[in-house]
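The residues of the chain are indexed from 1 along the displayed sequence. Worth knowing before you read on, the calculation uses all heavy atoms, side chains too, and leaves out hydrogens, waters and symmetry mates. The structure presented is a predicted model; accordingly, all values stated were derived computationally and were not measured.
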Amino acid sequence: MKRISATILLLVLVVMGCEEAKPGLKGVQGKVTVDGQPAPEGTQVSFNLVGGSYTFTTRTDAAGGYAYLPPPQAPLEQGEYEVAILPPPSQTTVDETGLSVEVKTKGASKSYGKFSDPKMSGIKTTLGGDVITLDISVET
């Protein structure tokens, strides 16, 4: 009887683990430039669903590239998004021991003007079921 119970439990766990992924947005990627140059590493790219409360944010790498590719179990909401670009709040440096340290950027701009406000930036995109590429150019 214990063997049958264990088999049933195992079967239930396998079935629960094989739950179908929810349909939804597979992701967004692109490159951000500021005044013709790659955006500083850590620049924030914020997406706000129009008419909803759903938002997500990602950051750029050293080449200005960004990507947000969520797992299938937690897809993004599909729809039209307003986009904002914010300067990095800090800078990561590596000390003499090889330890990465995040340091607040003194005197750095806290905003890219209208581009830092999703309602004013003029940057909108519709995110659907595939990975889309959205390259963004910010002129300050």
Side-chain angles (χ1 to χ4, degrees):
M1 188 61 152
K2 287 183 181 183
R3 181 177 269 188
I4 293 173
S5 296
T7 303
I8 292 172
L9 178 61
L10 181 60
L11 183 60
V12 168
L13 291 174
V14 168
V15 169
M16 287 175 59
C18 292
E19 180 181 327
E20 256 186 66
K22 299 175 186 174
L25 175 66
K26 292 181 183 169
V28 61
Q29 63 188 6
K31 185 171 182 174
V32 178
T33 58
V34 177
D35 296 328
Q37 300 297 314
E41 184 173 9
T43 295
Q44 299 175 59
V45 184
S46 179
F47 293 80
N48 302 293
L49 183 62
V50 174
S53 61
Y54 188 83
T55 64
F56 66 94
T57 300
T58 187
R59 293 181 183 232
T60 60
D61 60 21
Y66 71 92
Y68 190 81
L69 307 170
Q73 298 79 9
L76 299 175
E77 301 253 345
Q78 294 188 29
E80 184 177 35
Y81 284 79
E82 295 170 319
V83 183
I85 309 299
L86 299 123
S90 59
Q91 192 171 32
T92 302
T93 59
V94 179
D95 69 12
E96 62 278 354
T97 66
L99 181 67
S100 290
V101 179
E102 197 162 319
V103 180
K104 294 227 183 250
T105 308
K106 292 182 181 178
S109 174
K110 296 185 191 281
S111 166
Y112 285 132
K114 72 175 188 171
F115 293 100
S116 292
D117 181 343
K119 300 268 186 230
M120 304 284 294
S121 73
I123 306 168
K124 288 186 180 182
T125 189
T126 300
L127 302 179
D130 292 320
V131 175
I132 68 150
T133 299
L134 177 65
D135 293 330
I136 301 168
S137 177
V138 173
E139 300 296 328
T140 59

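- Hydrophobic clustering of Ile, Leu, Val, Met, Phe, Trp and Tyr side chains at less than 4.5 Å, counting indirect connections, unites Leu127 with Tyr54.
- The closest side-chain heavy-atom distance from Tyr81 to Val28 is not below 4.5 Å.
- Residue Gly27 comes nearest to Leu69 through the heavy atom pair CA-CD2, 3.9 Å, listed as atom of the first residue, atom of the second, then distance.
- Taking CD of Glu139 as the reference point, atom CG of Asp35 lies at 5.5 Å (rounded to 0.5 Å).
- From Ile136, atom CD1 reaches atom CG of Leu134 across 4.5 Å, with rounding to the nearest 0.5 Å.
- Under the 4.5 Å side-chain criterion, counting only non-hydrogen atoms from C-beta, Pro87 is in contact with Ser116.
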Original post:
Can you check side-chain contact (heavy atoms from CB on, under 4.5 Å) on Val34 and Thr43, steps first, answer last?
Top reply: CA-CA 10 Å; Val34 177; Thr43 295; 5.5 Å; no
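- Taking both residues in full, the closest heavy atoms of Gly30 and Thr133 are given as CA-CG2, 4.3 Å, listed atom of the first, atom of the second, then distance.
- Atom CE of Met120 is separated from atom CD of Glu82 by 11.0 Å, given to the nearest 0.5 angstrom.
- Proximity of a side-chain donor or acceptor of Ser121 to a complementary backbone N or O of Val83 within less than 3.5 Å is detected.
- Between Pro40 and Tyr112, the closest heavy-atom pair is CD-OH, 3.6 Å.
- Closest non-hydrogen pair, Ala63 versus Lys31, comes out as O-CE, 3.0 Å.
- Residue Ile123 holds its CD1 atom at 11.0 Å from CG of Asp117, rounded to the nearest 0.5 Å.
- Linking Ile, Leu, Val, Met, Phe, Trp and Tyr residues whenever their side-chain heavy atoms come within less than 4.5 Å leaves Leu86 and Leu49 in two separate clusters.
- Residues Thr125 and Glu80 form no side-chain contact, since every pair of their non-hydrogen atoms from C-beta on lies 4.5 Å or further apart.
- Under the side-chain contact (heavy atoms from CB on, under 4.5 Å) criterion, Thr58 pairs with Val45, Tyr66, Tyr68, sequence neighbours left out.
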